Trainee: 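Dropping a structure here in structure tokens format, bear with me for questions.
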Amino acid sequence: MTQEYPHAEAVAASLKWQSSSVGDQAGKPRIDEIYACDVFDMRKMRERLPKHVYKSMINTIEKRKRISMEDAEVIATAMKDWAIERGATHYTHWFQPMTGLTAEKHDALVTPDGEGSVVYRLSGKSLVQGEPDASSFPSGGLRATFEARGYTAWDPTSPAFIVRGTNYATLCIPTAFVSWNGEALDKKTPLLRSIDALDKQARRILKIFGTDEGVRSVESTLGSEQEYFLVDRNLYYARPDLMSCGRTLFGNTPPKHQQLDDHYFGSIPPRVNAFMASFEEELFRLGVPVQTRHNEVAPGQYEIAPLFESTNIACDHQAILMDTLKRVAGRYGFVALLHEKPFAGMNGSGKHNNWSMSTDTGVNLLDPQDETHTNTQFMTFLCAVIRAVHLHGDLIRAAISGASNDHRLGANEAPPAIISIFLGDMLTDLIEQIEKGDTKRTLKGGELTLGARTLPSLKRDSGDRNRTSPFAFTGNKFELRAVGSTASVAWPNTIINAIVSESLDYIATQIEGKLGKNPTEAKRDQVVQGVLKEIVKDHKAIIFNGDNYSQEWEDEAEKRGLPNLRSTADALPALQKSEAKKMFRKYKILSASELESRVEIFAEKYITEVCIEAQQMVHIARTMILPAAVRHQGNLANTINASEQAGASCDGLRGTHECFLDLVQQFQDQISEVEEKVHVPEVATLKQCTHCREVLLSAMNSLRDSADALERLVERDLWPMPTYQELLSLR
Ligand code: ADP
Ligand code: MG
């Protein structure tokens, strides 16, 4: 029996790559020469635009002012000329519907003029507004299928860019996507609204401290690290589970995987490094400021991290990064897996969401600075985050939920499902001082001397890091470490912006109410300290600096009343609470119906994904694994018969055969059981999510256990799919 997957071919492809790619660097442009060369960056368009249009565009970006139709007309022409010079033939309104992916529909930039020739055209109207058919995107009941109209609206604050490949170059215009009556059908619209809310409330705080002068806006900043796996493309196409679900539904962890910690930060294999360089080069062309690359914990796992940017642009760049990752991987014979848990028994992938707030003048509002105990403004912003996460940790948990991330959260590799804050020694000490009503000192880290005279002494931070915390303060920003690797970062950041806006509003209102007119600095600090003291008292339960993976923390968190929402089915109801509805409505981020639509979309996505996995499992089990097992069983029986006919005793083999028969029988029963339990409902409800989790997933787990037991017994040559060992050994 021959193997049905071309493992040998995958190896051959990688060897071919090695011989053909040596010396690629010769004649290449320097990396700084290509930075953002495919980006229509307004700040660099002074020469292409009339002065007044250029100025009003800069105003739009910096002061968040709406652009006029006349100006849009002029910008459209400049953008079109620029794109055509760079080889673009088409343009698209590029948006982020609720699928979590990006969407595009290309229109030609060139139109026949009716007189036998063609003209290049991009009108102001086509730049500003598009009208894709919205009926096939998830809407969560916001419109009926027959109400097909939807609009895309240009986001002038995020630069347009050109995506190119063999035979194509397409101008992509970032847009928001809304329904016929203006309800948000995407991830960008609520994010932009949340950025506006944060801007408004944060500036009230700055005003209180008199630090608002010259500040035109406050925005959240975001740097999101992306983890991913690479597998050989030929092996990928021999695994129907990877193709349709992005993760393996069957498979045994090989004897050696990550136990020796030899992959993390290990030397990057040459083919992978070559891929990374190409990948980063494309991102650089698109103005995505990527910075860091390294091997991650599991074999075959890697990470890329950009430099942080303002959140709206960082979210667009995150989406571009994921698209580019998948596209470029193919050129090197890889498939990039973004799933949170492609392989059982090994680390999965996440996305660390580094979040802070900054003024447009470049002041990081979460920078504690040296004498932190004198920095009352920092303490105010810090307390706002503490209060926000304590009151609305369940919304953060809901924002990172999903069928794929459920495999990761709480599995001792990613933070647990309990949301808490890590502050470290210095800030914890400061918070205790605030609670006592008197801040007197800032703990210092001091110096580390290393013993050897030639080594430098190191500046020691005032607190260690905590890798187990879901929401950790890391020097001058918070790191939400539980976002899934497949996720769009727009939604979690919408939530963080929203809840922090609410707390900033609360604090500003408290302080403003107590200050009176023209307060002295001393009076202001006294009032602020009083307000912060109460906040610390009420909300310090969210702070936890210990081991988040431990059972003790689970028990302790329960005593503190912190929710432990273990799965998507448990987490989504947070979005239906009246407090949540009120908050989203108050800050004009989501209306009640927009919020409700999200719950329905997330529930449907969860159920559909689990049901696809179940159906795929049944198919693989019945048409690939069972036949292999039956053949193996036949081989065993034939060997026993032949041996006994030849007069040999086969007691041992007979025992093996009988056990194997039992296992095959059990496996068959479990296939039927999964099949019976798959039920794709017409309308998704949270109750059905619970059914999936409690009934269907447990049947799937049992089926997997038997299949994996079979894999350990069936003759290697008969096994119908590449094993983990093969998938994870890149050459
Ligand atoms: P680590 O893996 O140790 O957390 P990395 O260097 O991989 O560190 O990633 C840190 C991320 O945090 C980077 O994307 C970086 O740009 C981002 N970051 C740094 N400062 C800020 C900030 N003020 N706001 C948001 N993100 C930030
Ligand atoms: Mg990190």
Side-chain angles (χ1 to χ4, degrees), residues 191 194-195 198-199 202 215 217-228 261 263-266 268 276 279-280 283-284 287-298 301-322 325 347-369 372 375 377-378 381-382 384-385 413-415 421-424 427 458 460-461 463-483 485 487 489-490 492-497 500 548:
L191 176 70
S194 77
I195 290 170
L198 188 76
D199 172 45
V215 173
S217 63
V218 173
E219 273 200 73
S220 57
T221 50
L222 167 67
S224 66
E225 308 157 48
Q226 173 78 49
E227 294 174 342
Y228 60 94
D261 295 326
H263 195 258
Y264 189 58
F265 283 15
I268 303 172
M276 286 175 166
F279 171 34
E280 290 165 11
L283 291 172
F284 246 55
V288 182
V290 283
Q291 243 194 346
T292 307
R293 54 164 98 126
H294 62 83
N295 284 7
E296 256 300 329
V297 171
Q301 192 186 24
Y302 306 93
E303 178 178 309
I304 181 165
L307 186 67
F308 71 95
E309 299 174 279
S310 73
T311 301
N312 178 37
I313 293 183
C315 286
D316 282 357
H317 281 169
Q318 224 321 290
I320 293 174
L321 185 147
M322 288 196 285
L325 171 56
N347 266 34
S349 301
K351 198 158 348 205
H352 296 170
N353 191 99
N354 295 276
W355 178 94
S356 187
M357 293 168 273
S358 169
T359 64
D360 65 325
T361 49
V363 179
N364 179 354
L365 300 173
L366 286 177
D367 183 352
Q369 294 168 5
T372 313
N375 190 350
Q377 178 176 301
F378 165 78
F381 281 104
L382 177 70
V385 177
E413 57 166 69
I421 289 182
F422 168 83
L423 284 185
L427 288 188
L458 303 180
R460 189 170 172 267
D461 287 302
D464 201 358
R465 287 188 175 227
N466 186 327
R467 285 279 175 200
T468 68
S469 172
F471 206 81
F473 188 80
T474 49
N476 57 4
K477 60 188 190 295
F478 277 97
E479 184 175 22
L480 172 60
R481 302 185 61 251
V483 181
S485 49
V489 281
N493 286 289
T494 303
I495 301 282
I496 300 174
N497 288 344
V500 174
N548 283 255

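Values below: every heavy atom of this structure, side chains too, minus hydrogens, waters and symmetry copies. Counting convention: from 1, in listed order, for ligands and their atoms alike. Model, not experiment: these values are computed from the prediction.
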Trainee: Kindly identify the option in Leu365, Val290, Asn354 whose heavy atom sits closest to atom 25 (C) of ligand 1.
Mentor: Asn354

Trainee: Considering only heavy atoms from C-beta outward, does the side chain of Phe279 approach that of Leu321 to under 4.5 Å?
Mentor: yes

Trainee: Counting from 1, what ligand 1 atoms have a heavy atom of Leu307 closer than 4.0 Å?
Mentor: 16 (O)

Trainee: Distance from Ile268 atom CD1 to Tyr302 atom OH, nearest 0.5 Å?
Mentor: 8.0 Å

Trainee: Show me which atoms of ligand 1 lie under 4.0 Å from any heavy atom of Pro306.
Mentor: 13 (C), 14 (O), 15 (C), 16 (O)

Trainee: Can you find a non-hydrogen atom of Met357 under 4.0 Å from ligand 1?
Mentor: no

Trainee: State whether the shortest distance between N or O atoms of Trp355 and N or O atoms of ligand 1 falls below 3.5 angstrom.
Mentor: no

Trainee: Is ligand 1 less than 4.0 angstrom away from at least one heavy atom of Lys477?
Mentor: yes

Trainee: Do any nitrogen or oxygen atoms of Thr292 lie less than 3.5 angstrom from nitrogen or oxygen atoms of ligand 1?
Mentor: no

Trainee: Return yes or no for this condition: an N or O of Thr221 is under 3.5 Å from an N or O of ligand 1.
Mentor: yes

Trainee: Does the side chain of Thr372 reach to within under 4.5 Å of the side chain of Phe378, using non-hydrogen atoms?
Mentor: yes

Trainee: Minimum distance, heavy atoms only, to atom 5 (P) of ligand 1: which one of Glu225, Arg481, His294, Arg467 is it?
Mentor: Glu225

Trainee: Any chance you could lay out the side chain to side chain donor-acceptor pair (under 3.5 Å) test for Asn493 and Thr311, step after step, and finish with the verdict?
Mentor: CA-CA 8 Å; Asn493 286 289; Thr311 301; 5.2 Å; no

Trainee: I need the single residue from Glu225, Gln318, Glu227, Arg481 that forms a side chain to side chain contact (heavy atoms under 4.5 Å, CB included) with Lys351. Which is it?
Mentor: Gln318

Trainee: State, yes or no, whether a side-chain contact exists between Met276 and Ile304 at a heavy-atom distance under 4.5 Å.
Mentor: no

Trainee: Apply the test side chain to side chain contact (heavy atoms under 4.5 Å, CB included) to residues Leu366 and Asn476: give CA-CA distance (whole Å), side-chain angles for both, the deciding distance (0.1 Å), then the verdict.
Mentor: CA-CA 5 Å; Leu366 286 177; Asn476 57 4; 5.6 Å; no

Trainee: Report the C-alpha distance between Leu423 and Leu382 in whole Å, list the side-chain angles of each, state the deciding distance to 0.1 Å, and finish with yes or no for side chain to side chain contact (heavy atoms under 4.5 Å, CB included).
Mentor: CA-CA 10 Å; Leu423 284 185; Leu382 177 70; 4.1 Å; yes

Trainee: What part of Asn364, side chain, backbone, both or neither, has a heavy atom within less than 4.0 angstrom of ligand 1?
Mentor: side chain

Trainee: State whether the shortest distance between N or O atoms of Phe308 and N or O atoms of ligand 1 falls below 3.5 angstrom.
Mentor: yes

Trainee: Under 4.0 angstrom from ligand 1, any heavy atom of Glu479?
Mentor: yes

